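Only one structure is covered here, and it is reproduced in the block below.
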Amino acid sequence: MTIQQNTTKELLHLYKKLLRSCATYPSKNRRGIYDAIRQEFRENAQLNPEDPVTQKKISVAIKGLSQLQMYDKRVLSGGNEQNPNWQVQLEQNPMPKPDHL
């Protein structure tokens, strides 16, 4: 397997994790977030993963995944959903604006 194929496989895995985490995210706009994730990945499917601009987009997606997972019961409870002891830590500037805006 080449590096390009391996990276593509990792990005597909990231995409699936984002969609799964979105399904448990507590928001009225859950469907809109889900659709936005799908659209963003479709629009960027042909980009070179080694390009610095694409790398920045990937890092934003990874950060978005960690934010979605902050509200996932399985993640919060350490795998035991019956565990009531969990906490959420919020960042001051979790999603900075891209440089081009």
Side-chain angles (χ1 to χ4, degrees):
M1 185 176 288
T2 67
I3 293 173
Q4 179 74 24
Q5 290 172 326
N6 193 29
T7 303
T8 302
K9 191 174 183 179
E10 290 171 1
L11 290 175
L12 184 58
H13 189 65
L14 172 62
Y15 172 67
K16 289 178 180 181
K17 283 175 134 180
L18 279 162
L19 293 178
R20 283 189 200 113
S21 294
C22 185
T24 60
Y25 185 69
S27 173
K28 289 182 195 179
N29 191 27
R30 184 180 313 143
R31 185 65 191 175
I33 296 168
Y34 185 89
D35 291 340
I37 292 168
R38 291 183 66 203
Q39 180 180 351
E40 185 82 19
F41 268 81
R42 268 194 218 115
E43 289 172 358
N44 295 304
Q46 300 304 317
L47 296 179
N48 177 4
E50 304 304 319
D51 182 53
V53 173
T54 307
Q55 288 291 320
K56 181 127 178 135
K57 289 182 179 202
I58 293 169
S59 68
V60 169
I62 292 169
K63 190 166 201 154
L65 175 61
S66 68
Q67 290 173 346
L68 286 171
Q69 288 179 333
M70 281 195 292
Y71 299 95
D72 187 333
K73 287 181 184 178
R74 285 173 279 139
V75 173
L76 290 172
S77 62
N80 178 6
E81 292 186 32
Q82 303 303 318
N83 182 2
N85 300 320
W86 52 270
Q87 63 183 354
V88 174
Q89 296 176 350
L90 302 177
E91 295 180 39
Q92 292 295 344
N93 189 13
M95 297 299 283
K97 291 187 177 187
D99 296 334
H100 68 278
L101 294 179

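Predicted model only: the values in this text are computed from it and were never measured. Hydrogens, waters and symmetry mates are skipped; everything else that's a heavy atom, side chains included, is used.
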Pairwise distance [atom1]([X]) to [atom2]([Y]) - rounded to 0.5 angstrom:
X	Y	atom1	atom2	answer
Glu50	Ile58	CD	CD1	8.0 Å
Ile33	Leu18	CD1	CG	11.0 Å
Phe41	Leu47	CZ	CG	11.0 Å
Arg38	Arg42	CZ	CZ	4.5 Å
Asp51	Lys57	CG	NZ	9.5 Å

Take Val53 and Lys56, measure what side-chain contact (heavy atoms from CB on, under 4.5 Å) needs, and give me the verdict at the end.
-> CA-CA 5 Å; Val53 173; Lys56 181 127 178 135; 5.7 Å; no
Using the test side chain to side chain donor-acceptor pair (under 3.5 Å), find all partners of Gln46 that sit at least two apart in sequence or belong to another chain.
-> none
Please check if the side chain of Thr24 supplies one atom and the backbone of Ser21 the other of a donor-acceptor pair under 3.5 Å.
-> yes
Shared hydrophobic cluster for Tyr34 and Ile62 (ILVMFWY, side-chain gaps under 4.5 Å) | yes
Just do the side-chain contact (heavy atoms from CB on, under 4.5 Å) check on Leu68 and Lys17 with the steps written out, would you?
-> CA-CA 10 Å; Leu68 286 171; Lys17 283 175 134 180; over 6 Å; no
Can you run down the salt bridge (charged side-chain N to carboxylate O under 4.0 Å, His left out) pairs that involve residues 24-33, sequence neighbours left out, and say none if there aren't any?
-> Arg31-Asp35
Leu14 to Ala61 - nearest heavy-atom pair and separation | CD2-CB, 3.9 Å
